[in-house]
Amino acid sequence: MIYVLDQNYLRAEELGNLIAAEPHSKFVIPDIALLEMCKGDKWKETIQRSFEILSACPGRVFHSLSIGEGLNYELEHGESIEGKLLPCNFRRFARAILANVAAGGAGNAIDIIRAKILDAQLDIHLIELNHLNNQQSLIQRVGIIESALTGEPLRILRSGKASREDRLALIRNVTLDLCSTFLQNHGLSGNKVRVLLKQKPLVLRFFYVSVRHCVDWAAKGGVLSMAPEKLSNDILDQDYVLVGSFFDRLLSKETRVQEADADLREFMRNG
């Protein structure tokens with residue numbers, strides 16, 4: 001089994017139990033998890049505590065590309081990133097961090113992070129954690145989805161009477177339409193789009209998760225009333241779901257993450 005770990009699962013007692021119970025299982029740290037660990041002043045202490053359990057089995061740990069890197073690869077090459085999400089240099093760096101953690105927090109990998117942390121934190125807060133920009137982006141996306149779901153479909157969603165199967169079918173149709181248009185606008189021919197979509201690439205999964213997220217917000221409303229920080233967390237959570245969908249299981253303590261993971265896996269099975 002290959003497990004993808006949400007940051008909130010890294011310190012869980014269950015993780016230690018799983019490592020002991022399944023000596024052949026492997027664990028993937030999504031790039032977003034390390035980003036979240038490094039966003040604050042106490043980044044070193046956060047890494048030390050978060051990686052303490054995993055430091056007992058560094059040879060079983062991998063580190064994924066960021067979602068942005070994966071999407072860029074697919075748009076450039078016209079093929080799925082599947083099989084290329086865990087580069088060797090990322091794996092070596094993650095294991096070096098774990099070795100430093102096991103040594104009490106000292107070592108070359110921690111030194112590399114320390115040398116780059118201020119620039120990295122600036123980027124994090126300007127991009128991933130720019131809460132107001134994230135809020136405006138989500139409002140725009142929800143508006144697009146509402147336009148695509150005008151009339152009866154949106155009314156049924158808001159009534160709460162839509163079955164899970166109907167809801168997923170609706171999301172699937174919107175996803176395929178928006179993703180196909182996006183890929184063609186990026187220069188892929190209709191035939192290349194069809195070939196790529198058959199591979200169930202990251203870009204398709206990204207659109208599915210994004211549309212699902214926006215459909216839920218369109219159905220229940222309240223985007224403007226939610227704290228921008230909460231919306232940023234919702235957006236970051238999608239990265240865990242996306243990486244997790246390429247492997248056997250995503251481990252998370254968040255119910256909304258578990259639900260998104262279940263929906264995306266259903267879509268991949270039947271899409």
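Computation of the quantities below employed the complete heavy-atom set of this structure, encompassing side-chain atoms and omitting hydrogens, waters and symmetry-equivalent molecules. These figures come from a predicted structure and were not determined experimentally.
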| field | Arg205 NZ/CZ over Phe246 ring centroid, <6.0 Å and within 45° of normal | value | yes

| said: Apply side chain to side chain contact (heavy atoms under 4.5 Å, CB included) to residues Tyr73 and Leu202 and explain how you reach the verdict. | reply: CA-CA 10 Å; Tyr73 174 90; Leu202 175 61; over 6 Å; no

| task | Show your working on side chain to side chain contact (heavy atoms under 4.5 Å, CB included) between Ile53 and Leu10 and close with a plain yes or no. | result | CA-CA 7 Å; Ile53 294 174; Leu10 291 172; over 6 Å; no

| Would the number of heavy atoms belonging to other residues, nucleotides or ligands and lying under 6.0 Å from NZ of Lys84 be above 12? | yes

| side chain to side chain contact (heavy atoms under 4.5 Å, CB included) partner of Val243, the single match among Ile67, Leu250, Leu86 | Ile67

| note | One should read off an interatomic distance between Leu168 CG and Arg212 CZ, to the nearest 0.5 angstrom, of 8.0 Å

| message | If you compare all heavy atoms of Leu188 against all heavy atoms of Leu75, which two are closest, and at what distance to 0.1 Å? | response | CD1-O, 4.4 Å

| task | May I ask you to check whether over 12 heavy atoms, not counting those of Asn89, lie within 6.0 Å of atom CG? | result | yes

| message | With side chain to side chain contact (heavy atoms under 4.5 Å, CB included) as the criterion, how do Phe247 and Lys26 come out once you've worked through the C-alpha distance, each side chain's angles and the decisive distance to 0.1 Å? | response | CA-CA 10 Å; Phe247 300 97; Lys26 297 177 174 61; over 6 Å; no

| Below 4.5 Å, heavy atoms only, C-beta onward: do Lys253 and Arg11 meet side chain to side chain? | no

| Do Phe206 and Gln238 come close enough that some side-chain heavy atom pair is under 4.5 Å? | no

| Ser252 versus Asp6, side-chain donor and acceptor atoms under 3.5 Å | yes

| task | Specify the closest pair of heavy atoms between Ser245 and Leu264, including all atoms of both residues, with the distance to one decimal. | result | CB-CD2, 3.5 Å

| message | Using the rule that Ile, Leu, Val, Met, Phe, Trp and Tyr join whenever any side-chain heavy atoms are under 4.5 Å apart, tell me whether Leu65 and Leu35 fall into a single cluster. | response | yes

| request: Decide if atom CG of Asn72 counts as having more than 12 heavy atoms of other residues, nucleotides or ligands within a radius under 6.0 Å. | output: yes

| request: Working to the nearest 0.5 Å, report the span between CG of Leu178 and CG of Leu204. | output: 11.5 Å

| field | Val209 and Leu242, any side-chain heavy atoms less than 4.5 Å apart | value | yes

| said: Angle between ring planes, Tyr3 versus Phe27, binned at 30° and 60°: parallel, tilted or perpendicular? | reply: parallel

| field | Donor-acceptor pair, side chain of Glu22 and main chain of Met1, under 3.5 angstrom | value | no

| said: Less than 4.5 Å apart, side chain to side chain, heavy atoms only: is that true for Arg60 and Ile19? | reply: yes

| field | Asn233 vs Arg256 side-chain heavy atoms within contact, under 4.5 Å | value | yes

| query | Looking at side-chain heavy atoms only, is the closest gap between Ile81 and Leu71 below 4.5 Å? | reply | no

| request: Answer yes or no: is there an ion pair linking Asp261 with Arg249, defined by an N-O contact shorter than 4.0 Å? | output: no

| request: Tell me, yes or no, whether the heavy-atom count around Glu52 atom CD, taken from other residues, nucleotides or ligands under 6.0 Å, exceeds 12. | output: no

| query | Could you state the interatomic distance from CD (Gln7) to CG (Asp239), rounded to the nearest 0.5 Å? | reply | 12.5 Å

| task | Using the rule that two of Ile, Leu, Val, Met, Phe, Trp, Tyr join whenever any of their side-chain heavy atoms come within less than 4.5 Å, decide whether Ile112 and Ile110 are in one cluster. | result | yes

| task | For residues Ser55 and Leu98, report the shortest heavy-atom separation together with the two atoms involved. | result | CB-O, 3.6 Å

| field | Aromatic Phe62 / basic Arg95 pairing, under 6.0 angstrom, 45° off normal | value | yes

| field | Between CZ on residue Phe93 and CD1 on residue Ile29, distance to nearest 0.5 Å | value | 11.0 Å

| said: So does Ala96 get a backbone contact from the side chain of Asn100, meaning a donor-acceptor N/O pair under 3.5 Å? | reply: yes

| Atom of Arg265, atom of Asp248 and distance for their closest heavy-atom approach | NH1-O, 3.5 Å

| request: Could you walk me through whether Asp263 and Arg167 pass side chain to side chain contact (heavy atoms under 4.5 Å, CB included), step by step? | output: CA-CA 10 Å; Asp263 283 353; Arg167 174 176 156 274; 3.1 Å; yes

| request: May I ask you to decide if the ring planes of Phe267 and Tyr208 are parallel, tilted or perpendicular, using 30° and 60° as cut-offs? | output: parallel

| query | Got a second to check how far Ser66's OG is from Glu69's CD, nearest 0.5 Å? | reply | 3.5 Å

| Under a single-linkage definition using a 4.5 Å side-chain heavy-atom cutoff for Ile, Leu, Val, Met, Phe, Trp and Tyr, are Leu34 and Val61 assigned to the same hydrophobic cluster? | yes

| Taking all atoms of both residues into account, what is the closest heavy-atom pair of Ser50 and Met37, and its distance? | CB-SD, 3.9 Å

| said: Do Leu251 and Leu18 have side chains that approach each other closer than 4.5 Å (heavy atoms only, starting at C-beta)? | reply: yes

| message | Are Val257 and Met268 connected into the same hydrophobic cluster when the rule is that any two of I, L, V, M, F, W, Y join if their side-chain heavy atoms are below 4.5 Å apart? | response | yes

| task | Spell out, yes or no, whether Val101 and Ile113 are grouped together once hydrophobic residues are joined by side-chain heavy atoms under 4.5 Å, including indirect joins. | result | yes

| Hey, are Arg269 and Glu266 close enough for a salt bridge, meaning a charged N less than 4.0 Å from a carboxylate O? | yes

| request: Give the minimum heavy-atom separation between Ser80 and Lys200, together with the two atoms involved. | output: OG-O, 4.4 Å

| field | Gap between atom CZ of Phe182 and atom CD of Gln184 - 0.5 Å precision | value | 12.0 Å

